Amino acid sequence: MLQNRRAYPTIPASDIERAKAWYREKLGLSPASEDPAGVRYALGGGTGFQLYPTGVAGQAPNTLMVFSSEDIDDDVRTLRGRGVVFEDYDFPGLKTVNGIATLGAVHAAWFRDSEGNILAIGDGPN
């Protein structure tokens, strides 16, 4: 039933105004719409995500959303220039070098938003 439907992540924000400012200043994103349920962002290919207000943001120990990249080195450099801080990982199966992990043919880099949520950028799968 759902296999041909689009999906979008919902990302928690303890302070929605702070989160909106971070997504604007660090990622260059502006809301497409906003109401009491949250703030929605439109992205490429008809995709998007929603920030929703809650008091429990930043508690998930996993990646909540991945942005696709055609040139991860350039994207990481650009985001760092905007003040995004990338996570460094070094444990079995995952090691970052200059913020970027190589996982077979896929490359990925993780960072946290203003609310402590883990986001990533990666060059696959597209």
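The structure displayed is predicted, hence computed values, not measured ones. Worth knowing before you read on, the calculation uses all heavy atoms, side chains too, and leaves out hydrogens, waters and symmetry mates.
Counting all heavy atoms, side chain and backbone alike, P31 lies closest to V39 at CB-CG1, 3.4 Å.
Applying the salt bridge (charged side-chain N to carboxylate O under 4.0 Å, His left out) test to pairs two or more places apart or on separate chains, none has a residue in residues 41-57.
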>> side chain to side chain donor-acceptor pair (under 3.5 Å) for R80 and N98? Distances and angles first, verdict last.
In response: CA-CA 11 Å; R80 276 194 173 127; N98 198 27; 3.2 Å; yes
>> Go through it in stages, so that I can follow the logic: the residues are L51 and I16, the test is side-chain contact (heavy atoms from CB on, under 4.5 Å), and I'd like the CA-CA distance, side-chain angles, deciding distance and then a yes or no.
In response: CA-CA 7 Å; L51 293 176; I16 203 82; 3.8 Å; yes
>> Working note: I11 + L119, criterion side-chain contact (heavy atoms from CB on, under 4.5 Å); need CA distance, chi angles, decisive distance, verdict.
In response: CA-CA 10 Å; I11 300 174; L119 308 175; 4.1 Å; yes
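Ionic pairing of E87 and R112 is present here: one or more N-O contacts between side-chain nitrogen and carboxylate oxygen are shorter than 4.0 angstrom. Residues D35 and R40 are paired through a salt bridge, judged by an N-O separation under 4.0 Å between the basic side chain and the carboxylate.
Cluster annotation: I100 is connected to F67 through the hydrophobic network of ILVMFWY side chains, with a link wherever side-chain heavy atoms come within less than 4.5 Å. Linking ILVMFWY residues whenever their side-chain heavy atoms come closer than 4.5 Å, directly or via other members, leaves Y52 and Y41 in distinct clusters. By the criterion of side-chain heavy atoms lying less than 4.5 angstrom apart, applied directly or through intervening Ile, Leu, Val, Met, Phe, Trp or Tyr residues, I121 is not grouped with Y89; the two fall into different hydrophobic clusters. Residue V85 is not grouped with residue L64 when hydrophobic side chains (ILVMFWY) are merged at heavy-atom distances under 4.5 angstrom, including chains of intermediate members. Hydrophobic clustering keeps F111 apart from F91 (ILVMFWY residues linked when any side-chain heavy atoms are closer than 4.5 Å, directly or through intermediates).
Between Y23 and F49, the ring-plane angle classifies as tilted under the 30° and 60° cut-offs.
For D73, the side-chain hydrogen bond (donor to acceptor under 3.5 Å, both in side chains) test picks out no residue, with sequence neighbours left out. The side chain to side chain contact (heavy atoms under 4.5 Å, CB included) search around A120 returns T63, V66, W110, not counting sequence neighbours.
Taken from OG in S114 to NZ in K20, the straight-line distance is 12.0 Å, to the nearest 0.5 Å. Distance check, rounded to the nearest 0.5 Å: CG of L94 to OG1 of T102 gives 10.0 Å.
Here the side chain of K26 pairs a donor or acceptor atom with the backbone of R82 at under 3.5 angstrom. Judged purely by atom type and a 3.5 angstrom limit, Q50 has no side-chain atom pairing as donor or acceptor with the backbone of T10. Using modelled atom types, one side-chain atom of D123 and one backbone atom of H107 make a donor-acceptor pair closer than 3.5 Å.
Contact of the P12 side chain with the N117 side chain is registered, since non-hydrogen atoms from C-beta on lie closer than 4.5 Å. Between D113 and L27, every side-chain heavy-atom pair lies at or beyond the 4.5 Å cut-off.
Between the side chains of D75 and S69, at least one donor N or O sits under 3.5 Å from an acceptor N or O.
Remark: F86 CZ is packed, more than 12 non-hydrogen atoms of other residues, nucleotides or ligands lying under 6.0 Å away.
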